[in-house]
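Hydrogens, waters and symmetry mates are skipped; everything else that's a heavy atom, side chains included, is used. Naming convention: chains lettered A, B, ... in sequence-line order (proteins, then strands); numbering from 1 in each chain. Everything quoted here is computed from the prediction, not taken from an experiment.
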Protein chains: 2
Amino acid sequence: MADTDELLSIRAAELYYEENKTQDEIGTVLRLTRWKVGRLLAQAKASGFIRIEIVHPRARRLSIERRLREKTGLTDAIVVSSAGVTGDEELQSRTAQAAADYLAALRPVPRTLGISWGRTLHEVSLHVAQGWATGVNVVQINGGVSLNRRAGTAAATAVTIAHKGSGAATLLPSPAILEHLETKNAIEADRSVAAVLNLGATASAYLFSAGQADQNSALVDSGYLTAEQIAELVRKGAVGDVVGRYIDSTGNIVDPELDSRTVGIQLEQLRHAKTAVAVIAGSSKHAIARAVVGSGLCTVLVTDEETALAVLGDDS
Amino acid sequence: MADTDELLSIRAAELYYEENKTQDEIGTVLRLTRWKVGRLLAQAKASGFIRIEIVHPRARRLSIERRLREKTGLTDAIVVSSAGVTGDEELQSRTAQAAADYLAALRPVPRTLGISWGRTLHEVSLHVAQGWATGVNVVQINGGVSLNRRAGTAAATAVTIAHKGSGAATLLPSPAILEHLETKNAIEADRSVAAVLNLGATASAYLFSAGQADQNSALVDSGYLTAEQIAELVRKGAVGDVVGRYIDSTGNIVDPELDSRTVGIQLEQLRHAKTAVAVIAGSSKHAIARAVVGSGLCTVLVTDEETALAVLGDDS
DNA sequence: GTTTATGTTGCTCACCTGAGCATGAGCAGC
DNA sequence: GCTGCTCATGCTCAGGTGAGCAACATAAAC
């Protein structure tokens, strides 16, 4: 009986969804009343036999967003669908697009926006809509200019976002990590750097990404850290970095000594920010995404479907 | 504008399908009238952004069935969905199930049913419902008893289907292919064999499968042909076999000499049958399925989604 | 400036659909 | 055998939704 009903509900679903017949017509075909058909259809939906997917680069997964808001303390969550996606490349592009859209729709429009840098943020900057704000002040919140050609993109990211928002970019003229603590203290004390750091601390919103702890990290690429140093950090429990600071799965700094030589905003400042938007996408960033959300480093998470599910713990 | 509308239609679709909101509610959220929302939704559907899949082992693809009936001359077509399928194994099992269901629902119920043998038909026999007919006569239409242990299943297939239909099985006591033409003529002339062949020729319905032309063929497994012989047949244009007879993509016999040594129903008899049900599933059988349908060897095709699309020529 | 062709918008209406409710069959316990 | 319970069934009714239509805006052509 239950078996017959299941089969019937599938037949009904075929006629309803694939042939666009009305429940009444289906009733005639299957010799059922239209109410029975309605109930079978409801049953098919409830049993999960009907899968509705929105296949579009800019499609979002609202149900996952809701669950994220409810289960974590996030103010907001943006989850892009990964239906029909081919690789991590596209996933990150979609997520960057979504982050750019979110930034443009953010209310109140931030007067001062603190941003980090990296491949993700750079892509976000490319997608930000022209005229997303009027007179915004974009401030870098972690060091990274110079050192090699990659650094150019860090500045470009800030400048592009600022320009598209009819504003100005304030760059942080400092390396991300210094070799000696004294140098770091000295550079932070320098007026030009201190001023930028102070401005960053007062930003009305933050937009940043996170890096996974492996040899593909942007910090390795940029020459700030070696693959060996990363391996050592991983041994100590590091899952990734936020604004250049490596954290473990609970959100704590992994290596205080290294951290003391890192120039930029403190994680506590991010934790206390009213609006901190984290953009994290890709299968390699599940762990760091979890750590960021779990330790309250952001109030808003922009991510992809799989990463969101990992944060929710649905991948077990 | 078209771009804005597209994005809007995606947002609307998300709210409609994922959040189960009414079009009116969506209108309020997106600041649109409910008619505009309705139109956006229709547009999203028409553009193919909404993909509705019925995920169930026994789900069928009615739209493909309809296209098959229209584009080819088939009386009927059964296409099982391959949504969420893991391998060819499961695909064939689903298709066999569907074929069994079709047989049970066939009207008028066949008095005499001619069947071939093979892995596919054997699986169909397992799925046929108890009591699918009352007093059916199941006749083998191509040779294959004895020769090795595999042959046992050929008899079992016929017996099982007959038994479940409260009837008797009539086996064809002959090998599939004989080495010498004289032996074949002699065996065909034998009264016990001739009687079965005559009975098979008068069957009110036929149920058969088809084999691909490669070394995995059942005819190779059974020892009737060697891998080299198959290779030679392929060189001559063979795409597969139906009731032991190898055909090319246009449905013509590839090797008349070999064919003359093959015992069983003639292809022309199948072509003139009022009801000839072909059960063909799996990625390796696309070519033979195409040949069977294209040359009118069956009036009904039971297959899987991918094979059906291949028959329709949608894989180009 | 006027006209015409085209596409968009908001509406009416008829139909489709889901929720809630009354009915009656089937069944276990007394 | 009767009672009370559960559950499937068919119905009423209150929305929800799509087709068709008239009004309107827009833009190209005259």
Side-chain angles (χ1 to χ4, degrees), chain A residues 1-56 58-63 65-67 81 105 129-131, chain B residues 1-56 58-63 65-67 81 101 105 129 131:
Chain A
M1 184 58 197
D3 193 35
T4 313
D5 258 24
E6 186 172 310
L7 195 51
L8 266 181
S9 73
I10 296 300
R11 295 284 157 264
E14 286 161 0
L15 293 163
Y16 192 73
Y17 291 106
E18 220 172 321
E19 299 287 88
N20 294 317
K21 288 191 187 294
T22 104
Q23 298 187 0
D24 212 4
E25 286 176 301
I26 297 170
T28 312
V29 174
L30 300 180
R31 292 150 194 278
L32 301 165
T33 60
R34 71 183 190 80
W35 297 281
K36 177 78 180 169
V37 174
R39 277 188 255 265
L40 286 173
L41 248 26
Q43 186 190 317
K45 251 194 227 167
S47 310
F49 296 148
I50 314 297
R51 182 188 296 164
I52 301 183
E53 246 180 8
I54 304 174
V55 196
H56 192 280
R58 297 177 81 163
R60 282 163 47 189
R61 298 300 317 273
L62 301 185
S63 58
E65 294 180 359
R66 182 153 31 78
R67 278 164 58 208
S81 160
Q130 194 62 248
Chain B
M1 184 60 197
D3 193 36
T4 313
D5 259 24
E6 186 173 309
L7 194 52
L8 266 180
S9 74
I10 295 302
R11 295 283 158 267
E14 286 161 0
L15 292 162
Y16 192 72
Y17 292 106
E18 221 173 321
E19 299 286 88
N20 294 317
K21 290 193 186 290
T22 82
Q23 297 187 1
D24 212 4
E25 287 176 301
I26 297 170
T28 311
V29 174
L30 301 180
R31 290 151 196 279
L32 301 166
T33 60
R34 72 180 192 78
W35 297 281
K36 177 78 179 169
V37 173
R39 277 189 257 265
L40 287 173
L41 248 26
Q43 185 189 318
K45 251 194 224 166
S47 311
F49 297 148
I50 314 297
R51 181 187 295 164
I52 300 182
E53 248 181 5
I54 303 174
V55 195
H56 192 279
R58 297 177 82 162
R60 281 163 50 189
R61 298 300 316 273
L62 301 185
S63 58
E65 294 180 2
R66 182 153 31 77
R67 278 164 58 205
S81 160
D101 291 348

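Side-chain proximity of Q23(B) to dG18(C), dT17(D), dC16(C): nearest is dT17(D). Here the nucleotide nearest the side chain of K36(A), chosen from dT17(D), dG18(C), dT9(D), is dT9(D).
Counting only heavy atoms from C-beta outward, the side chains of E19(A) and S63(B) approach each other to under 4.5 Å. For the pair V37(A) and L30(A), the minimum side-chain heavy-atom distance is 4.5 Å or more. Side-chain contact between R51(A) and R51(B) is absent, with no heavy atoms from C-beta onward closer than 4.5 Å. A 4.5 Å side-chain heavy-atom check between H56(A) and E6(B) finds at least one atom pair inside the cut-off.
The distance from atom CZ of R34(A) to atom C1' of dT12(D) is 10 Å, rounded to the nearest whole Å. Taking atom CG of residue L40(A) and atom P of nucleotide dA8(D), one finds them 11 Å apart after rounding to whole Å. In this structure, CG of N20(A) is placed 16 Å from P of dT17(D), rounded to the nearest angstrom. Q43(B) has its CD atom 17 Å from the C1' atom of dA19(D), to the nearest Å. Taking atom CG on D24(B) and atom C1' on dG15(D), their separation rounds to 10 Å, with Å as the unit. The distance between atom CG of L30(B) and atom C1' of dT9(C), rounded to the nearest whole Å, is 17 Å. Between R31(B) atom CZ and dG10(C) atom P there is a gap of 15 Å when expressed in whole angstrom units. Distance CG (L41(A)) to C1' (dC16(C)): 12 Å, rounded to an integer number of Å.
Annotation: of the two residues near DNA chain D, L32(A) and K45(B), the 5′-most nearest-nucleotide partner is L32(A).
At a cut-off of 3.5 angstrom, counting only N and O atoms as typed in the model, there is no donor on one side facing an acceptor on the other between the side-chain of W35(A) and the base of dT17(C). One can find a donor-acceptor pair under 3.5 Å joining the base of dG10(C) and the side-chain atoms of R39(B).
OP1 or OP2 of dG10(D) has at least one side-chain nitrogen or oxygen of T33(A) nearer than 4.0 Å. Using a 4.0 Å cut-off, no side-chain N or O of Y16(B) falls inside it from OP1 or OP2 of dG16(D).
In this structure, CZ on R39(B) lies 10.5 Å from CZ on R34(B), to the nearest 0.5 angstrom.
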